[in-house]
Amino acid sequence: MEGVIPIPRELATRYRRRGYWEDRPLGEVFHSCFLRFADRLAVVDGDQRWSFADLGGGVERMALNLMDLGIGPLDRVVVQLPNRLDFVLLYFALQRLGAIPLLALPGHREHEIAHYVSFVGAVGYAAPPSYPGFDCLELAARMVASDPTLRLVLVAGAAPDQPGCVGIRDLLVRQPTATIDQLRRLEVDPDEPCVFQLSGGTTGIPKVIPRTHNDYLYNSRLIASVNDIREGDRLLVSAPIGHNFPLASPGIQGFFLHGGTAVMCPSPRSGVALPLIEREGVTHLEIVPAMALSWLDDGPIPAHRLESVRVINSGGQKFQRETKVRIEAAFVGAKVQEVFGMAEGLLMITRLDDPPEIRLETVGRPICPDDEVKLVAEDGGEVGWGEVGELLCRGPYTLRGYYRAPEVNCRAFTNDGFYRSGDLLRQHPSGNYVVEGRKTDLVNRGGEKISAEEVEEMLLTHPLVANVACVPIPDRILGERMCAFVQPPSGSAPTLDQLTALLTARGLARFKHPERLVLVGELPLSPFGKVQKSVLARRAAGLVRDSKEDFPN
Ligand code: AMP
Ligand code: DBH
């Protein structure tokens, strides 16, 4: 497909020979999976409980009806659905057709959605009628009127009376004219994209990541193989379902490959998630640190019966060791298994049988022997063992370029096709990796570079800090100083002196101490749930502009 950079032939041949790439379209693989596990429970969504047989039937009916609506191989559909059964049905129906869902998140708004629709030339947009403060149907109507390619609006629930709108559930009820034979005859090339994922992007609009059938299936098989998924296991889908983590790493794809159940959780709040874990006997969680911290702060977790949980996959952002220890204490019998993942591809993961110290301290290591990982210094040369460097990666499920982004790609990839992640890692004596921060997550205080994460990690141990993010605040003399945005636990708040006392007691160099404290009710989170430092950095800059005096020394 134009705009997609393929993996070079000699590597592709190797990945096929070694069995990583199966050359089967995702839709076909999951179709067999639904047949194979027919009697097992596939999806729980509120009171609805669908077996794999139900799901397989629903997906097929939906695919046929979408075919009637003119959707076929390589057609793009922007999908912005919440964690409900509708997503699962539509996602796998689009896979059956070889169409390409672009997975937007519920938190995206007109700015992003309208851009994605035109950028990828989408023919369809799938959404609920609205999200809080955002009328999806109204935007859809405007986009249909102005966008030359967009012609189909798929609405969660029943169809509203609006041109071009079809209810997603109507696609289960209608009698299709397309036949299963026609569906089987569709030509779906497993080297073409099966989904467009989005990069987290801290600046600008997230970039579009093409993932092929071959690489995306392998991604899920690979990580599911070390996730201890047993018959009858249940995954709580609490982060936005279209994101690479809950969708594919291992997520619902990995669970379905093993005949496991996906329990749809409509909100990551503890008041919703914990009772659902108890009611459904959930065995696996996939959480981001902000979620864990808010559950711990809401406490008391032991009030619920949560002993069904065995594996807590955490990822997305640095998960502090202390938080892992606290969350394991709250979920008695469960182990935190960290995933260092990216929608761009590479996955590292701790192994459940790694010694506890290594499991708590590191983000694991790659799984595939052909994941090529390098840590490099500024000059591009590899750093010495144990030293911190930028993570570059390449492999059978890592992208070679963002979709239609030649200029970005020149910067984001090396000449030999390694993705420059911007993450700073070092290798632990065990061979696992430790995340030290991001290249851009530094405060430059008069030339001294301070890693924000190093300071945050210490501050998080203070009892009056529920969550924290440190960002640069502009300074006339030093260029930048560090400003700590602290979310205190309910009912009390720390002072800067108290925090400084902790850092002094822990022996942290004086120049690394934050020099300004801002208390916030909640840290701003990205649509996926990561703390958005770019928003805080802008706020910090605003604080300086607004103050009459120079920033105090
Ligand atoms: P994205 O490009 O939005 O998929 O985000 C991927 C990025 O999230 C990685 O490059 C890391 O910066 C960050 N990330 C993901 N998992 C972890 C983790 N377990 N620990 C620290 N950072 C992580
Ligand atoms: O942050 C991520 O993008 C991420 C985190 C954990 C991810 O893509 C994943 C696991 O697959």
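Indexing begins at 1, ligand by ligand and atom by atom, following the structure's order.
- Heavy-atom proximity to Leu347, at under 4.0 Å, picks out these atoms of ligand 2: 11 (O).
- Contact record, Ile349 with Val226: CG2-CG2, 3.8 Å, taken as the closest heavy-atom pair.
- Under a cut-off of 6.0 angstrom, the local environment of CZ in Arg404 is crowded, with over 12 non-hydrogen atoms contributed by other residues, nucleotides or ligands.
- The side chain of Lys530, and not its backbone, has at least one atom closer than 4.0 Å to an atom of ligand 1 (non-hydrogen atoms only; side chain from C-beta on).
- Shortest non-hydrogen contact noted between Leu391 and Leu375 is CA-CD2, 3.9 Å.
- Short contacts between ligand 1 and Lys318, defined as distances under 4.0 Å to a heavy atom of the residue, involve ligand atoms 20 (N), 21 (C), 22 (N).
- Taking any N or O of Val363, backbone or side chain, none lies under 3.5 Å from an N or O belonging to ligand 1.
- With ligand atoms numbered from 1 in the order given, ligand 2 contributes 11 (O) to contacts under 4.0 Å with heavy atoms of Ser249.
- Remark: ligand 1 atoms within the under-4.0 Å shell around heavy atoms of Met342 are 4 (O), 6 (C).
- Shown in contact with Ser199 at under 4.0 Å from a heavy atom are these atoms of ligand 1, numbered in order with element: 3 (O).
- Note: Tyr116 and His108 have perpendicular aromatic rings, judged against thresholds of 30 and 60 degrees for the angle between ring planes.
- Residue contacts with ligand 1 for Asn244 are absent, since no atom lies close enough (heavy atoms, distance under 4.0 Å).
- Every atom of ligand 1 with a heavy atom of Glu338 under 4.0 Å away is listed here by number and element: 18 (C), 19 (N), 20 (N).
- If you number the atoms of ligand 2 from 1 as listed, the ones under 4.0 Å from a heavy atom of Ala343 come out as 3 (O), 8 (O).
- Judged purely by distance below 3.5 Å, without hydrogens or angles, the side chains of Tyr218 and Glu22 never pair a donor atom with an acceptor atom.
- Side-chain atoms of Glu480 come within 3.5 Å of backbone atoms of Asn444 as a donor-acceptor pair (strictly under, hydrogens ignored).
- Counted within 6.0 Å of CZ on Arg269, heavy atoms from surrounding residues, nucleotides or ligands total 12 or fewer; the atom is thus considered open.
- Aromatic rings from Phe34 and Phe92 are positioned such that their centres are separated by under 6.0 Å.
- With distances taken over non-hydrogen atoms, the option nearest atom 13 (C) of ligand 1 out of Gly316, Pro289, Pro206 is Gly316.
- Of the candidates His243, Gln317, Lys530, the one placing a heavy atom closest to atom 1 (O) of ligand 2 is Lys530.
- Atoms of ligand 1 lying under 4.0 Å from any heavy atom of Arg438, numbered from 1 in the order shown and given with element: 10 (O), 12 (O).
- Summarising the contacts of atom 15 (C) of ligand 1 with Ser526, Ala343, Gly341, Cys393, the nearest heavy atom is found in Gly341.
- In summary, Asp354 and Arg359 do not engage in a salt bridge, as defined by a charged side-chain N under 4.0 Å from a carboxylate O.
- Residue contact check for ligand 1: Phe340 places a non-hydrogen atom closer than 4.0 Å to it.
- A pairwise comparison of heavy atoms in Gly251 and Leu235 identifies C-CD2, 3.5 Å as the closest pair.
- Closest heavy-atom approach to atom 10 (O) of ligand 1 within the set Leu424, Ile349, Asp423: this belongs to Asp423.
- No salt bridge links Glu361 with Lys324; every basic N to acidic carboxylate O contact stays at or beyond 4.0 Å.
- Within ligand 1, the atoms closer than 4.0 Å to a non-hydrogen atom of Glu344 are 1 (P), 2 (O), 4 (O), numbered from 1 in the order shown.
- Ring planes of Phe413 and Tyr419: tilted class, angle from 30 to 60°.
- Of the protein's non-hydrogen atoms, the one nearest atom 5 (C) of ligand 2 is Gly316 N, 3.4 Å.
- Protein heavy atom nearest atom 8 (O) of ligand 2, with residue, atom name and distance: Asn244 ND2, 3.0 Å.
- Annotation: atom 2 (C) of ligand 2 to nearest protein heavy atom, Gly341 O, 3.4 Å.
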